[in-house]
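As structure tokens, the structure follows; a few thoughts come after it.
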Amino acid sequence: MLLLTLALSALGLLLLALTGQRFSPEDFGALVKLDPLYLVLVPVTLVLWWLVAGWRIQMLVGSKDVGLLRATRALLLSLYGAAVTPGSTGANVALAWFLSRYVSSRRAAATAIFVLALDMVYFAWSLPLCFLLLQLRGIDLNLPLIGPVLGVIVGVVALTAGGLA
């Protein structure tokens, strides 16, 4: 999974290089000159993120049959489902499918919907804030209307997921 994460990060940097108006080799050089302490903290942070996200799934499922390790496995499977499907649409399907092996399919589906709703609530406030910060710093993403378009998409998905939840 760590290899997959690194590969997806490299793909993200490649996309940034292809679409970023202000990307330069000097900027990339600054990225690879990280303090070794931070390089050690990357896998530690990644594992901690998995465990915290697994704990969130464990709390949402609310079943003694889904402990922290099983919930973390469900998260990793959902991340894989997100990575291999267009638009990350397979994430919640994979999560619901895995959880349905241990709890009722209704509870598994409800958990996947609540995970989606909570993620969308996060995006609903963080995306506009990020675009505002980029604008204030004078950074042009060279993607006209991307902020409003993403805002509408995230808003519709957040409202739909919240309604289903």
CG-CG distance between Leu68 and Leu75, expressed to the nearest 0.5 angstrom: 10.5 Å
Euclidean distance, Asp119 CG relative to Asn92 CG, rounded to 0.5 Å: 7.5 Å
Result block: side-chain N/O donor-acceptor pairs under 3.5 angstrom for residues 101-108, not counting sequence neighbours:
from: Ser104; atom 1: OG; to: Arg107; atom 2: N; distance (Å): 3.1
from: Arg107; atom 1: NH1; to: Val61; atom 2: O; distance (Å): 2.6

Shortest non-hydrogen pair, Phe98 vs Arg70, comes out as CE2-O, 3.4 Å
Single-linkage hydrophobic cluster Leu46~Leu79, side-chain heavy atoms < 4.5 angstrom: yes
Under 4.5 Å side-chain heavy-atom separation, chaining through any Ile, Leu, Val, Met, Phe, Trp or Tyr, what else clusters with Leu48? Say none if it is isolated. Val44
If every non-hydrogen atom of Val66 is compared with every non-hydrogen atom of Gln58, which pair is closest and at what distance? O-CG, 3.3 Å
Would you mind reporting whether Val47 and Trp50 have side-chain heavy atoms less than 4.5 Å apart? yes
Look up atom OG1 in Thr111 and atom CG in Leu99, then write down how far apart they are to the nearest 0.5 Å. 6.0 Å
Is there a continuous path of hydrophobic side-chain contacts, each under 4.5 Å between heavy atoms, that joins Ile153 to Val156? no
Could you walk me through whether Leu116 and Met120 pass side chain to side chain contact (heavy atoms under 4.5 Å, CB included), step by step? CA-CA 6 Å; Leu116 175 63; Met120 288 300 110; 4.1 Å; yes
Of all heavy-atom pairs between Ala96 and Ala112, which one has the smallest distance, and what is that distance? CB-CB, 4.0 Å
Is it possible for you to say whether Trp49 and Trp55 belong to one hydrophobic cluster, with membership spreading through side-chain heavy-atom contacts below 4.5 Å? yes
Would a hydrophobic clustering, with Ile, Leu, Val, Met, Phe, Trp and Tyr connected at side-chain separations under 4.5 Å, put Met59 with Leu51? yes
Answer yes or no: is there a side-chain heavy-atom contact under 4.5 Å between Val93 and Thr85? no
Quick one, Leu95 with Leu77, criterion side chain to side chain contact (heavy atoms under 4.5 Å, CB included). Give me CA distance, side-chain angles, the key distance, then yes/no. CA-CA 7 Å; Leu95 179 63; Leu77 184 61; over 6 Å; no
